[in-house]
Protein chains: 2
Amino acid sequence: MNNYTDILRAHNLKATPQRVAIAELLYLHGHISIDSLYEMMLKTFQSLSLATIYKNINIMVENSFIQEVKIANIKSVYELTKESHSHLVCNKCQNIEDISLDLHSIMSDASKEYGFRVNSTDLVLTGFCKNCA
Amino acid sequence: MNNYTDILRAHNLKATPQRVAIAELLYLHGHISIDSLYEMMLKTFQSLSLATIYKNINIMVENSFIQEVKIANIKSVYELTKESHSHLVCNKCQNIEDISLDLHSIMSDASKEYGFRVNSTDLVLTGFCKNCA
DNA sequence: CTGACTGCAAACGTTTTGCACGGTA
DNA sequence: TACCGTGCAAAACGTTTGCAGTCAG
């Protein structure tokens, strides 16, 4: 478990218990929706307000501490910001897995063939994971 | 301009003037948000209801006549269903461009390294387009 | 002619806002 | 202590629903 108190402060965010909990849950589960986050945190913070979740998620996204992951047909989930990676989404177990794929050739194709200067990539592969295939 | 009356019928959709207009606008502009679509169509259909847009977009997505395109930091847009392709999103002019990239090697990497059976890909490249770079 | 579509208004779920209180730094 | 964050309630927003009238096939 990392020291999210300091990491939060490094992102100009006060380290409240609620924020530390969000960071830890995202670290442990990888990708979580707003609803699930609220549900999980209610066990620890009985008087937690959904508004607090939304306010924190928004400011954490603005400060690049976390990122929204948009996936077709599924409601958005959030993840801790980390090095560039792609996502595998299983159609059966609904699990979302991080993967590291080499996209350099694709980025250079986009550059050569379309004159596009790529800053960031967002790749989601949908199908069946190892266990469900 | 294609014959959207017949194409709509082929998708089990009655060819109402509103639906034909949606199809034509998507064909002409490529990618349009719900709001823009409503705004554009109001010029032709003064008494158009937003509810009609939503109902039609939903049924057209269900029937695979059109598809939603989810892009980070931007509200969803819709496009006519066509062969698999990727998207370029320009950070400056906000334009969304369709591109055809060969993703076979990436799909096979995902298969070899993660045992994942890929059914569909969703790739968005963000950066600067030819004109804005 | 019949079922499906439209437009309107109301309902609904999600997200945001304002404010008083409490906690972090 | 000063400011920022929290929780609550209300408001705002986007989307869906029900219904009566209309239109496509």
Side-chain angles (χ1 to χ4, degrees), chain A residues 3-26 32-63 65-78, chain B residues 3-26 32-63 65-78:
Chain A
N3 180 349
Y4 286 110
T5 299
D6 288 347
I7 301 178
L8 283 164
R9 286 183 190 140
H11 284 262
N12 297 311
L13 296 165
K14 276 197 180 177
T16 66
Q18 291 86 341
R19 286 177 183 173
V20 172
I22 291 175
E24 289 176 348
L25 286 170
L26 288 179
I32 321 186
S33 68
I34 295 280
D35 290 352
S36 304
L37 201 52
Y38 181 54
E39 212 176 304
M40 292 173 181
M41 288 179 65
L42 267 185
K43 291 170 186 159
T44 311
F45 305 88
Q46 285 84 0
S47 63
L48 177 68
S49 167
L50 244 187
T52 298
I53 301 266
Y54 278 109
K55 286 171 187 167
N56 282 331
I57 289 292
N58 286 343
I59 197 173
M60 287 164 128
V61 168
E62 283 162 23
N63 294 14
F65 180 71
I66 66 174
Q67 286 181 317
E68 182 181 0
V69 182
K70 288 187 174 185
I71 296 174
N73 311 315
I74 295 179
K75 73 174 66 173
S76 286
V77 295
Y78 294 84
Chain B
N3 180 347
Y4 285 110
T5 300
D6 288 347
I7 300 179
L8 283 165
R9 286 183 190 141
H11 284 262
N12 298 311
L13 296 165
K14 276 198 181 179
T16 66
Q18 292 87 343
R19 286 177 183 174
V20 172
I22 291 175
E24 290 176 347
L25 287 169
L26 288 179
I32 322 186
S33 68
I34 296 279
D35 290 350
S36 303
L37 201 51
Y38 182 54
E39 213 177 304
M40 292 173 180
M41 289 179 65
L42 267 185
K43 291 170 187 160
T44 312
F45 305 88
Q46 286 84 358
S47 63
L48 177 69
S49 166
L50 243 187
T52 299
I53 301 266
Y54 278 109
K55 285 171 188 168
N56 282 331
I57 289 292
N58 287 341
I59 197 173
M60 287 164 127
V61 168
E62 283 162 22
N63 293 14
F65 180 71
I66 66 174
Q67 286 181 318
E68 182 180 0
V69 183
K70 287 188 173 184
I71 296 175
N73 311 315
I74 294 180
K75 73 174 68 171
S76 286
V77 294
Y78 295 84

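Chain A is the first sequence line, chain B the second, and so forth, proteins listed ahead of strands; every chain is numbered from 1. Every value quoted in this text rests on a predicted model; they were computed, and no experiment measured them.
Annotation for Lys70(B) and Ile71(A): closest pair NZ-O, 2.7 Å, computed over non-hydrogen atoms. In plain terms, the two heavy atoms of Phe45(B) and Ala21(B) that are nearest each other are CE1-CB, 3.7 Å.
Closest to the Ala51(A) side chain, of the nucleotides dA4(C), dG7(C), dT16(C), is dT16(C). Considering only the side chain of Thr52(B), dT6(C) comes nearest among dT6(C), dT17(C), dA24(D).
For Asp6(A), the CG atom is densely surrounded, since the number of other residues' heavy atoms within 6.0 Å is greater than 12. A 6.0 Å sphere centred on CD of Glu39(B) holds no more than 12 heavy atoms belonging to other residues, nucleotides or ligands.
Here Thr16(B) does not reach the OP1 or OP2 of dA4(C): none of its side-chain N or O atoms lies under 4.0 Å away. Between Asn56(B) and dT6(C) there is a side-chain polar atom (N or O) within less than 4.0 angstrom of OP1 or OP2. Side-chain N/O atoms of Ser47(A) include none lying less than 4.0 angstrom from OP1 or OP2 on dT6(D). An OP1 or OP2 oxygen of dG7(D) is reached within less than 4.0 angstrom by a side-chain nitrogen or oxygen of Gln18(A).
As judged by a 4.0 angstrom heavy-atom cut-off over every strand, Ile34(B) is placed among residues making no nucleic acid contact.
At whole-Å resolution of the value, OH in Tyr78(B) and C1' in dG14(D) are 11 Å apart. When rounded to the nearest whole Å, the span between CD1 of Ile53(A) and P of dC8(D) equals 13 Å. Distance CG (Leu50(B)) to P (dA10(C)): 16 Å, rounded to an integer number of Å. The CZ-P distance, from Phe45(B) to dG7(C), rounds to 8 Å in whole Å. Atom C1' of nucleotide dA25(C) and atom CZ of Arg9(A) are separated by 7 Å, given to the nearest angstrom. In this structure, Arg19(A) atom CZ and dT6(D) atom C1' are separated by 10 Å, rounded to whole Å. Atom pair Ile59(B):CD1 and dT17(D):P shows a separation of 13 Å (rounding to whole Å applied). dT16(D) atom C1' lies 15 Å from atom CD1 of Ile57(B), rounded to whole Å.
Of the candidates Ile22(B), Leu13(B), Asn3(B), Leu8(B) forms a side chain to side chain contact (heavy atoms under 4.5 Å, CB included) with just one, namely Leu13(B).
Residue-to-nucleotide contacts include a donor-acceptor pair under 3.5 Å from the side chain of Lys55(B) to the base of dG18(D).
Along DNA chain D, the nucleotide nearest to Asn58(B) and the one nearest to Pro17(B) differ in position, and the one closer to the 5' end is contacted by Asn58(B).
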